[in-house]
Protein chains: 2
Amino acid sequence: MSAVCADCAVRDASLCSSLGDDALRQLHRIGRRQRVARGETMLWAGSDSLVCATLLSGVLKLSAATSDGREQIVGLHFPSDFIGRLYADTIPFTVSALTDAELCVVPRDRFEAMLTTNGEMERLLLKRTFATLDATRARLLILSRNTAAEKVAGFVLSMAERARGISDFQALPGGPVTFELPLTRGQIADVLGLTIETVSRQLTKLRHAGVLALPGVRSVTIRDAAALRHCAGLD
Amino acid sequence: MSAVCADCAVRDASLCSSLGDDALRQLHRIGRRQRVARGETMLWAGSDSLVCATLLSGVLKLSAATSDGREQIVGLHFPSDFIGRLYADTIPFTVSALTDAELCVVPRDRFEAMLTTNGEMERLLLKRTFATLDATRARLLILSRNTAAEKVAGFVLSMAERARGISDFQALPGGPVTFELPLTRGQIADVLGLTIETVSRQLTKLRHAGVLALPGVRSVTIRDAAALRHCAGLD
DNA sequence: CGCTGAGTTGACAAACGTCAAGCAATGTGG
DNA sequence: CCACATTGCTTGACGTTTGTCAACTCAGCG
C-alpha cells in the first residue's frame with residue numbers, strides 16, 4: 001500500500017494540489033508508489049499508453065531517437081511534474097530515470113475519468129501543458145540557433161536556478177554558487193544536441209576563462225554569473 | 001459584424017465543433033472576423049495577451065529570435081488551428097502571416113470564461129495541446145540531429161501530406177504529385193534551422209537526383225516518393 | 001593490480017554558414 | 001513602353017564550427 005497523500009513530498013506542487021479531500025482519497029485508492037532505478041526505462045516510445053504518474057523524487061528524461069540511433073532528450077522531468085500521455089493509445093517518447101526516482105502511478109483511463117469530474121485539476125493540467133509547450137518551443141530556438149558555447153552556458157545557468165530553488169543553498173548576489181549536475185556529460189550532450197566532446201571542451205573553456213570552477217566531475221561553481229549570462233547570449 | 005458561424009469554413013474542424021447551439025451563439029456574439037495581410041505581424045512576443053483566435057484561412061508562423069537577430073520559426077498554424085496564449089499575461093512568441101489570412105478573434109478573458117463552462121471544449125483544447133507538444137518535441141529531434149538533406153526532404157514530405165489533405169488532388173500510389181509550397185526559401189530555412197542557401201542547394205540536389213522536379217519557384221513535383229522518404233531518414 | 005566507465009584532449013574531416021556575384025520575375029515611375 | 005529597383009532564388013569560393021576518431025587520464029572497485 002502506498003504511503004498516505006498527507007505525507008507526499010510534492011503534495012502542494014503537483015496536480016493533486018487542485019483536489020479536494022474526497023477526490024484526493026479517491027485518487028489515493030487507485031494510485032500506487034513505484035521506484036525506478038537510475039538508468040532504468042519506465043515507458044518505451046511506441047508502447048501502449050496505460051499509465052500516467054506524478055514524479056515524487058528524482059529526475060527523468062524524455063527522449064527520442066532517429067532510426068539510425070542518434071538520440072535527443074526532448075524534455076526533463078523534475079519532482080511534482082506530470083508524466084505520461086493522456087488521450088493517446090501509444091507513448092510517443094521514451095521515459096527513463098537519470099537518477100533513482102519515485103513515482104505515484106495511476107492507470108490512464110482512471111485518471112482521465114477523474115479529470116472530467118475535476119474541472120480545476122483539468123485546468124491546472126492545461127495551464128502546465130501550455131507552459132511546457134512554451135518551454136519546448138524556446139528550446140527549439142536554442143537548439144537550432146545557439147552556438148555550442150551559448151548552449152552549455154545556458155544549460156549551466158538553468159541547472160543553477162533549479163538547484164537554487166530546490167536546495168536551501170542561496171546565492172550571494174554576485175558571489176560564487178556551487179551545485180551538483182544531475183546529468184553526465186553524455187546526457188548534457190543529448191539535451192543540448194551536441195557531442196560529449198564538445199560539452200567537455202566548452203566547460204573547460206569556461207573554466208580557463210575563470211567563469212566556472214569544476215571542483216568535482218559532477219559539481220560546478222559559478223564564479224562569475226554575469227560573464228556566464230553573457231556567454232549564454234542573454235542580455 | 002462577422003459572418004454567421006454556420007458559414008464558417010472550419011466549423012467542424014475547429015474548437016467550436018465541441019460547442020452546442022447555445023454556446024456557439026454566445027461565442028459568435030463576442031467574436032469578430034479579422035483579416036491579416038501577408039507579411040503582417042498580428043501578435044508581438046512580449047506584448048499583453050489580450051486576444052485569442054481560430055485561424056479560418058491562410059498560414060501563420062510562430063517565431064522566436066535570439067537577442068542578436070537570429071530567427072527560428074517554432075510553429076506553423078493552418079486553418080482551424082487555435083491561436084494565442086491562454087492563462088498568461090504576455091504573448092511568448094510572435095505571430096505573423098505567411099500568406100493573407102483570416103481569423104475569428106475573441107477576447108482572451110471571455111474565451112477563458114467560456115472554457116470553464118464548456119468542459120468538452122476545454123478537453124478538446126487539452127487534447128490538441130498535447131498533440132502540438134508531441135509534434136514540437138519531435139521537431140526538437142529533427143532540428144538537432146537531422147542533416148540538412150534529411151530536414152529538407154522531410155519538410156517537403158510533410159507539406160505534401162498537408163497539401164494532399166487540403167486539396168482534392170490525390171496522389172496516385174507511387175505516381176508524381178505536384179503542389180505549391182506556402183513558404184519562401186527563407187521561411188523554410190527559418191523552420192528548419194538552416195540558411196536560405198543550404199535549403200536551395202538541398203532542393204537542387206534532390207532535383208538532380210530525379211527525386212523532385214521544381215516546375216515553378218514555389219511549386220514542387222514529387223517524382224519518387226520512396227526515394228524522398230529515404231532521404232528524410234524514414235524507414 | 002588490472003578493469004571499467006566517465007571525462008579530457010588532440011588531430012583531422014565534413015557539414016554548414018558566410019560572403020559575393022549573378023539571374024529571373026515583378027513592379028514602378030518617367 | 002522602357003529603364004530601373006526590388007525581391008526571391010541559385011551557384012560558387014571559402015572559412016568556421018562542430019563532429020569523428022583515437023589516445024590518454026583518473027577514480028572507483030573487485
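Since we're looking at a predicted model, the values are computed, not measured. Side chains included, hydrogens not; waters and symmetry mates left out as well; all remaining heavy atoms used. Below, read A as the first sequence line, B as the second, and so on, with proteins coming before strands; counting in each chain starts at 1.
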Query - Interatomic distance, A:Leu203 CG vs C:dT8 C1' [rounded to whole Å] - result: 11 Å

Query raised in the report: Given side chains that start at C-beta, do those of A:Glu150 and A:Leu234 come closer than 4.5 Å, heavy atoms only?
Result: no

Report summary line: Walking DNA chain C from its 5' end, the first of B:Leu194 and A:Ser200 to be reached, judged by nearest nucleotide, is A:Ser200

Query - Closest listed nucleotide, where the reference is the side chain of B:Thr198 and the choices are D:dT18, C:dC16, D:dT10 - result: C:dC16

Requested in this report: Would you classify A:Arg70 as touching base, sugar-phosphate or nothing, given that sugar-phosphate means primed atoms plus P, OP1 and OP2, and contacts are heavy atoms under 4.0 Å?
Outcome: nothing

Query raised in the report: Between B:Ser200 and B:Arg185, do the side chains contain an N or O donor and an N or O acceptor separated by less than 3.5 Å?
Result: no

Report task. May I have the distance from A:Ile188 (atom CD1) to C:dT8 (atom C1'), rounded to whole angstrom? Result -> 14 Å

Query raised in the report: Nearest to the side chain of A:Thr147 - D:dT11, D:dT18, C:dG7?
Result: D:dT18

Query - Earlier contact from the 5' end, DNA chain D, for A:Ala148 and B:Gly186 - result: B:Gly186

Query raised in the report: Taking the six-membered ring of B:Phe78, is NZ or CZ of B:Arg162 closer than 6.0 Å to its centre and within 45° of its axis?
Result: yes

Query - No-H, no-angle donor-acceptor pair, B:Gln202 side chain to C:dC16 base, under 3.5 Å - result: no

Query raised in the report: Would you say C:dG10 has OP1 or OP2 under 4.0 Å from some side-chain N or O of A:Arg201?
Result: no

Query raised in the report: In whole Å, what is the span from the CG atom of A:Asp190 to the P atom of D:dG19?
Result: 12 Å

Query raised in the report: At under 4.0 Å between heavy atoms, what does B:Gly39 touch on the DNA or RNA strands: base, sugar-phosphate, or nothing?
Result: nothing

Query raised in the report: Within this structure, what is the NZ-to-C1' distance between B:Lys205 and D:dG12, rounded to whole angstrom?
Result: 16 Å

**Report entry** Sugar-phosphate only, base, or nothing, as touched by A:Gly216 at under 4.0 Å among non-hydrogen atoms
**Finding:** nothing

Requested in this report: Calculate the interatomic distance between B:Gln187 atom CD and D:dC9 atom C1'; express it in whole Å.
Outcome: 13 Å

**Report entry** Between C:dA15 (P) and B:Glu150 (CD): distance, integer Å
**Finding:** 11 Å

Query raised in the report: Under a 4.0 Å N-O cut-off, is there an ion pair linking A:Asp190 with A:Lys61?
Result: no

Query - Distance test, side-chain N/O of A:Thr195 to OP1/OP2 of D:dT18, below 4.0 Å - result: no

Report task. Answer yes or no: does a side-chain N or O of A:Thr204 lie under 4.0 Å from OP1 or OP2 of C:dT9? Result -> yes

Query raised in the report: Atom CZ of B:Arg185 and atom C1' of D:dT7: how far apart are they, to the nearest Å?
Result: 14 Å

Query - Nucleotide C:dG22, atom C1' - distance to CD of B:Glu197 in whole Å - result: 14 Å

Query - Side-chain donor-acceptor pair present, A:Arg108, A:Ser49, cut-off under 3.5 Å - result: yes

